[in-house]
Amino acid sequence: MSKFYAVANGASGTPNIYESWTECQKEIKGVKGVIFKSFTTRELAQNFLDMQTSNCKTLETADHTLLTIYVDGSFKEVVGNYSYGVVAVLNDEVVYEESGAGNKEPEAVALRNISGELTGAMKAVTYAVKNGYKEINLCYDYQGIECWALGTWNRKAPIAEHYHGFMQENSKLIKINFIKIKGHTGVTYNERADVLAGMALGE
């Protein structure tokens, strides 16, 4: 059976479809956070790439008249728990903040700060839906926030599966523009989300 390998962000920097695993490997090897998936038809592979590029926004190109929510997660070894921080901004004003710690569920704790990242994203969407927003920018520094939401990464962990279902269901109610930013690079509200997550664990 033929396979088509869709690579959204490989070494070349250009989304492309490859018809052999050897070609695909050359494009993805050593690339941090690479997004790729195999399909049985070229059409399905192209749909995957279209979905990825349609969600490709940056802070510079984002519509800042929309509610923009920054999320981050943390993990503290000494307490064996994760946490999240959420900062919602509208017209360069903070309109909402939230933070909290996990319930120390073993499966979630095993993913450390990733569980905090996912929890923060779900809290962000819950806030936006509850307050009647129809479209938001969701800013994150962990790629799984987007890839597990869209289903472009495999979901082996139960919390990842739960997160995917939550985001798929809520995406019927609100449009989410996923915006990847680099953590700890001085982005004010992202740094604030990080601080809030740390405070939830007593830092």
Side-chain angles (χ1 to χ4, degrees), residues 6-10 12-16 31-37 45-74 84-100 113-114 116-153 160 163-197:
V7 182
N9 60 340
S12 68
T14 303
N16 211 342
V31 179
K32 189 176 179 182
V34 66
I35 300 170
F36 74 101
K37 197 170 183 179
Q46 188 59 56
N47 288 343
F48 171 85
L49 290 184
D50 291 344
M51 181 171 62
Q52 288 297 319
T53 53
S54 69
N55 278 285
C56 186
K57 287 183 170 59
T58 65
L59 275 178
E60 289 72 32
T61 61
D63 180 356
H64 288 281
T65 64
L66 297 174
L67 182 72
T68 300
I69 310 181
Y70 298 77
V71 299
D72 208 352
S74 186
Y84 68 90
V86 176
V87 180
V89 180
L90 188 62
N91 298 321
D92 208 30
E93 240 181 77
V94 175
V95 294
Y96 181 72
E97 288 187 342
E98 181 180 347
S99 63
N113 65 298
I114 291 173
E117 306 270 2
L118 301 182
T119 302
M122 290 189 285
K123 295 288 186 180
V125 171
T126 297
Y127 167 80
V129 170
K130 183 179 178 182
N131 286 276
Y133 292 97
K134 298 302 180 186
E135 183 176 359
I136 62 169
N137 300 321
L138 183 61
C139 301
Y140 59 90
D141 57 23
Y142 175 64
Q143 189 64 47
I145 293 290
E146 177 178 351
C147 291
W148 276 330
L150 299 177
T152 56
W153 275 10
Y163 172 76
H164 172 72
F166 174 92
M167 296 299 270
Q168 287 292 304
E169 199 59 36
N170 280 274
S171 65
K172 298 171 186 175
L173 307 173
I174 189 169
K175 182 181 178 185
I176 304 169
N177 302 314
F178 294 97
I179 299 177
K180 175 78 163 64
I181 58 179
K182 269 191 171 184
H184 308 294
T185 53
V187 178
T188 302
Y189 301 118
N190 185 63
E191 296 294 333
R192 176 60 181 165
D194 180 55
V195 167
L196 287 173

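All values below were derived from every heavy atom in this structure, side-chain atoms included, with hydrogens, water molecules and symmetry-related copies excluded. Here the structure is a predicted model, which is why all the values come from computation and not from measurement.
You'll find the side chain of L66 stays beyond 4.5 Å of the side chain of I136, heavy atoms only. Annotation: side chain of T68 is in contact with side chain of C139 (closest heavy-atom distance under 4.5 Å). Contact annotation: the side chain of V86 never approaches that of Y127 to less than 4.5 Å [non-hydrogen atoms, C-beta and beyond]. Y70 places a side-chain heavy atom less than 4.5 Å from the side chain of I181.
Considering only residues two or more places apart in sequence or on other chains, V195 meets the side chain to side chain contact (heavy atoms under 4.5 Å, CB included) condition with R192, M199. Listed by chain and residue number, V125, L138, A149, Y163, I176, F178 satisfy the side chain to side chain contact (heavy atoms under 4.5 Å, CB included) test with M167 (two or more places apart in sequence, or in another chain).
Under the 3.5 Å distance criterion, the side-chain polar atoms of N9 are matched with a main-chain donor or acceptor of I35. Side chain of T119 to main chain of G116: no donor-acceptor pair is present (N/O by atom type, distance under 3.5 Å, no hydrogens or angles).
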Check residues 88-96 and write down every donor-acceptor pair under 3.5 Å in which the side-chain atom is one partner and the other belongs to a residue at least two apart or another chain.
unit_1	atom_1	unit_2	atom_2	d
D92	OD1	Y189	OH	2.9
Y96	OH	E98	OE1	2.7

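L150 contributes atom CG, which lies 7.0 Å from atom CD of Q168 (distance to the nearest 0.5 angstrom). Here W153 contributes atom CH2 and K37 contributes atom NZ; the two are 13.0 Å apart, rounded to the nearest 0.5 Å. Rounded to the nearest 0.5 angstrom, L118 CG and K123 NZ are separated by 13.0 Å. Within the model, atoms OG1 of T126 and CD1 of I174 stand 10.0 Å from one another, a figure rounded to the nearest 0.5 Å.
Contact between L196 and G85 at its shortest, heavy atoms only, is CB-CA, 4.1 Å. What you find for N190 and V71 is that their closest heavy atoms are OD1-O, 4.0 Å. Between A8 and P15, the shortest heavy-atom contact is O-CG, 3.6 Å. Residue A197 comes nearest to G73 through the heavy atom pair CB-C, 4.2 Å, listed as atom of the first residue, atom of the second, then distance.
The closest side-chain donor-acceptor pair between Y140 and E117, if any, does not fall under 3.5 angstrom.
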**Study point:** Residues N137, N177; criterion side chain to side chain contact (heavy atoms under 4.5 Å, CB included); working and verdict
**Key:** CA-CA 5 Å; N137 300 321; N177 302 314; 3.2 Å; yes
